[in-house]
Amino acid sequence: MPRSSPSPRPSPPSGARGSDATREGSDATRELVRRVRRIEIASRRAVQGALAGPYHSVFRGRGMEVAEIRAFEPGDDVRAIDWNATARLGSLFVKRFVEERELTVLVFCDLSGSADFGSGERTKGEVAAEIAALLALSAVANGDRCGLALFTDQVERYVPPRKGRRHALRLVSEVLKLRPRSRRTDLGAALEFAARVERRRAVLFLLSDFQDGDPGSPPWERALRVAARRHDVVPVSIADGRERELPPAGLAWVEDPESGEVFRADLSSRAARRALLASAEVEEASRRRLFGRLDLDAAEVRADAADHVTPLLALLRARARRRR
């Protein structure tokens with residue numbers, strides 16, 4: 001007698017499946033809101049305190065515009081004399097300037113496969129979200145417009161610049177909820193997009209681990225040069241200590257998070273670990289030299305460190321000193 005096949009499990013009613021999906025969706029939404037709120041609370045103190053003064057003093061807008069021309073009065077700065085009006089009208093006139101306060105800030109965030117790595121409490125991608133929050137909230141607190149681009153080897157999400165706290169929180173939400181279609185990196189494509197999408201000069205914060213091509217001759221160098229001529233580019237390198245100093249864990253399978261290539265490594269070998277560290281140091285030095293040649297102010301942030309505000313604060317202070 002043939003054995004009977006196990007009877008199939010009855011399918012739940014379609015309404016039940018819909019309820020489960022709705023419940024999962026609302027749970028995910030609540031979790032996203034909690035994460036955005038946590039980042040906002042963590043960022044607010046820095047934005048209102050340590051970063052507020054340095055940000056305002058360094059990023060002043062596009063320049064100064066003439067508000068009016070009036071007769072010279074005792075105590076006026078002689079450097080403000082309008083010599084054309086003075087010569088034309090036969091008496092001293094001065095220009096009164098006001099600062100063009102509105103500034104456009106663009107935050108370009110690398111969410112390729114290597115951003116999923118993290119040896120501490122946060123991955124590099126999560127740290128990028130926190131830095132994006134700091135920058136966006138600093139911008140809107142200063143009356144500036146802020147936009148966001150999330151990229152891999154393509155620009156996967158772009159939010160045009162706008163003002164306001166709600167907009168800043170939307171940018172944080174976009175970073176946290178995006179599930180990239182690709183795992184590879186193309187910094188050149190992202191920089192070319194930046195040069196196309198914003199015609200007016202902007203401050204472009206580029207958040208990435210810069211793991212794209214040969215560090216000695218990166219394929220994105222030309223695109224960076226072009227972007228730096230149009231925008232004020234500020235690279236923020238996000239790294240993790242475990243990427244350069246692996247533990248002596250013996251034989252291990254190691255996977256490239258972007259290509260998916262898997263290879264075997266003997267991590268018990270001190271020579272192999274030294275070679276990895278030396279390679280990472282060469283890469284970092286090459287990147288610093290490139291940023292120096294292009295006269296770019298840059299910051300380096302460790303994902304496995306607890307403090308991400310201090311490197312940004314050091315960047316702003318160094319920039320202020322250089323601009324004096």
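When a residue number appears, it is its place in the shown sequence, counting from 1. If you're wondering where the values come from, they're calculated on a predicted model, not measured in any experiment.
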Within the 6.0 Å centroid threshold, strictly below: F151 and Y158:
no
Could you tell me whether the side chain of L267 reaches within less than 4.5 Å of the side chain of L251, counting heavy atoms only?
no
What I want to find out is whether R183 reaches E258 closely enough, with some N-O distance under 4.0 Å, to be called a salt bridge.
no
Does some side-chain heavy atom of T152 sit less than 4.5 Å from a side-chain heavy atom of D186?
no
F117 with L176, same ILVMFWY side-chain cluster at under 4.5 Å
no
Is the closest basic N to carboxylate O distance between R244 and E284 below 4.0 Å?
yes
Compare all side-chain heavy atoms of L103 with those of V203 and state whether any distance is below 4.5 angstrom.
yes
Begin with the C-alpha distance, continue with both residues' side-chain angles, and end with the deciding distance and a verdict on side chain to side chain donor-acceptor pair (under 3.5 Å) for E283 and Q211.
CA-CA 9 Å; E283 182 176 337; Q211 294 181 10; 5.4 Å; no
So do K163 and R145 actually touch side chain to side chain, heavy atoms under 4.5 Å?
yes
Could E221 and R293 be called an ion pair, given the rule that one side-chain N must be under 4.0 Å from one carboxylate O?
yes
Can you tell me if D116 and T123 form a side-chain donor-acceptor pair at under 3.5 Å?
no
Under 4.5 Å between any side-chain heavy atoms of E281 and L277, yes or no?
yes
What pair of heavy atoms forms the shortest contact from L187 to D212, and how long is it?
N-OD2, 3.0 Å
Would you please say whether a donor-acceptor pair under 3.5 Å links the side chains of S112 and T185?
yes
Salt-bridge present (D110, K124; N to O < 4.0 Å)
no
Look only at the side chain of D76 and the backbone of E73, and say whether a donor-acceptor pair between them is shorter than 3.5 Å.
yes
Give a yes or no on whether the backbone of A202 and the side-chain of H231 come within a donor-acceptor separation of less than 3.5 Å.
yes
Hey, are the side chains of H308 and E130 touching, using non-hydrogen atoms and a 4.5 Å cut-off?
yes
Do the side chains of D240 and R242 get close enough for a salt bridge, i.e. N-O under 4.0 angstrom?
no
For the aromatic rings, using the six-membered ring if either is Trp, is the centroid distance between W220 and F210 under 6.0 Å?
yes
